[in-house]
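Heavy-atom basis, side chains included; hydrogens, waters and symmetry copies ignored.
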Amino acid sequence: MATIKDVSRLAGVSVATVSRVLNQNGYVHEDTEKKVLNAIRELNYIPNDVARSLTKKSAKMLALIVPDITNPFFNELARAVEKVTQLYGYATILCNSDDTPANEKQYIHALKQKYIDGFILATNTLSPEEIQQLDVPVVMLDRTISSTIPTVASDNREGARMAVQFLLNQGCRTIAHIRGPLELSIADERCQGYLDEVGQADWFQPDLIVNGDFNLHHAADAIHELLDRHPDIDGIFAGNDIMAMGALRAVQKRGVAVPDAMQIVGYDGITLGGMVYPELTTVAQPIYEMGLLAARMLIKLIEKKPLDVMHYKLDVELVQRGTTRGSANQP
């Protein structure tokens with residue numbers, strides 16, 4: 001492989017001049033620059049990005065930290081983020097924190113030593129003060145923690161209201177809610193949307209809300225316990241699609257017919273929702289658009305360009321499928 005010294009010899013310039021051309025740092029005469037670039041092409045020289053990052057304190061790398069890589073929602077977000085970063089010449093590092101503050105901090109500490117250019121955080125473990133102290137650009141994705149940090153999310157409360165209104169319109173008389181983790185902003189917003197619609201209903205009881213931790217197995221266990229207490233439940237709104245699938249599995253194991261005796265609506269709109277049987281009715285977030293926006297915002301911040309919008313709250317859409325009545329996909 002050619003080295004920077006080979007380029008300098010062929011171009012007839014110093015190594016320092018070749019370095020200035022590569023890093024676009026300092027004055028180089030136009031004719032000299034052409035000689036260097038011609039030598040690079042002739043030798044098929046590939047610059048050492050690690051060395052360049054030491055000089056420029058930039059590695060052309062972004063990090064996307066997600067709480068649970070097993071959830072397809074985050075895989076779909078990552079695909080959109082990578083699409084944009086590749087277009088602008090950045091590499092994307094995907095990190096799974098397991099929703100653990102220690103893991104997230106370990107990733108951040110290691111990546112900052114590698115001159116990471118910025119972070120997209122789809123997690124909720126760091127405080128606004130800790131994020132401000134990172135001293136690199138940060139965009140929050142699917143999480144809202146501070147008005148001072150750029151954010152891309154969907155209208156979670158309105159989406160939840162939409163789901164519960166639909167179940168009521170479909171004839172459900174007792175609707176349960178499987179919520180996400182406590183003190184997680186999006187879980188709280190979706191739970192509040194549920195309460196907006198049924199909190200004052202005669203049949204409502206607080207223990208119709210159970211915590212499924214955005215986890216399939218936890219949600220299935222919670223639904224078994226809930227149906228033991230409230231066998232009259234005929235509708236379930238789950239705070240994400242993974243929990244909705246857990247609920248579907250639980251009620252099917254109990255021999256409850258879906259959607260005839262039980263109707264279920266999830267939230268997210270992941271592709272996997274169309275692969276279960278019956279197919280999952282869901283409130284679909286614009287997942288791909290969310291990832292694209294977050295990546296574009298971060299690159300603008302890195303390149304010190306102003307943001308047109310600091311906080312995006314995107315519209316959601318109800319996608320009716322087989323877990324609710326009246327769908328063409330209903331079994």
- Hydrophobic cluster identity match, Met275 and Met245, side-chain contacts under 4.5 Å: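 Yes, same cluster.
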
- Message: Hydrophobic clusters here meaning ILVMFWY residues chained together by side-chain heavy-atom distances under 4.5 Å, can you tell me if Leu280 and Val319 are in one?
- Response: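 Shared cluster, no.
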
Give a yes or no on whether the backbone of [Y] and the side-chain of [X] come within a donor-acceptor separation of less than 3.5 Å.
X: Asp234; Y: Met262; result: no
X: Asn240; Y: Tyr267; result: no
X: Gln263; Y: Leu167; result: no
X: Asn71; Y: Phe73; result: yes

What's the shortest heavy-atom distance between [X] and [Y], and which atoms?
X: Val28; Y: Glu33; result: CG1-N, 3.8 Å
X: Leu318; Y: Met162; result: N-SD, 3.6 Å
X: Gly269; Y: Thr282; result: N-OG1, 3.4 Å
X: Ile299; Y: Leu62; result: CG1-CD1, 4.2 Å
X: Ala187; Y: Phe214; result: CB-CZ, 4.2 Å
X: Arg161; Y: Gly193; result: CG-O, 3.4 Å

- Do Asp308 and Lys300 meet the salt-bridge criterion of a basic N to acidic O distance under 4.0 Å?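 Looking at Lys300 and Asp308, the cut-off is met.
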
- Only one of Arg41, Glu42, Lys35 forms a side chain to side chain contact (heavy atoms under 4.5 Å, CB included) with Asn38, so which one is it?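 Only one option passes, and that is Arg41.
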
Near [X] [atom1], under 6.0 Å, is it more than 12 heavy atoms from other residues, nucleotides or ligands?
X: Gln200; atom1: CD; answer: no
X: Arg229; atom1: CZ; answer: yes
X: Gln132; atom1: CD; answer: yes
X: Lys253; atom1: NZ; answer: no
X: Tyr88; atom1: OH; answer: no
X: Asp315; atom1: CG; answer: no

- Task: List in chain and number order the residues that pass side chain to side chain contact (heavy atoms under 4.5 Å, CB included) with Lys105, two or more places apart in sequence or in another chain; answer none if no residue qualifies.
- Result: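 Applying side chain to side chain contact (heavy atoms under 4.5 Å, CB included) to Lys105 gives Leu126, Glu130.
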
- Calculate, to the nearest 0.5 Å, the distance between atoms CD1 and CG belonging to Ile287 and Asp142 respectively.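 Separation between the atoms: 9.0 Å.
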
- Query: Is the closest side-chain donor-acceptor distance between Glu104 and Thr123 under 3.5 Å?
  - Reply: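 A donor-acceptor contact under 3.5 Å links the two side chains.
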
- Distance only, no hydrogens: is a donor on one side chain within 3.5 Å (strictly under) of an acceptor on the other, for Ser185 and Asp188?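 The criterion, which ignores hydrogens and geometry beyond distance, is not satisfied for Asp188 and Ser185.
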
Would you give me the side-chain donor-acceptor pairs under 3.5 Å for residues 215-226, sequence neighbours excluded?
{"residue": "Asn215", "atom": "OD1", "partner": "His217", "partner atom": "N", "Å": "2.9"}
{"residue": "Asn215", "atom": "OD1", "partner": "His218", "partner atom": "N", "Å": "2.9"}
{"residue": "His224", "atom": "ND1", "partner": "Arg254", "partner atom": "NH1", "Å": "3.2"}

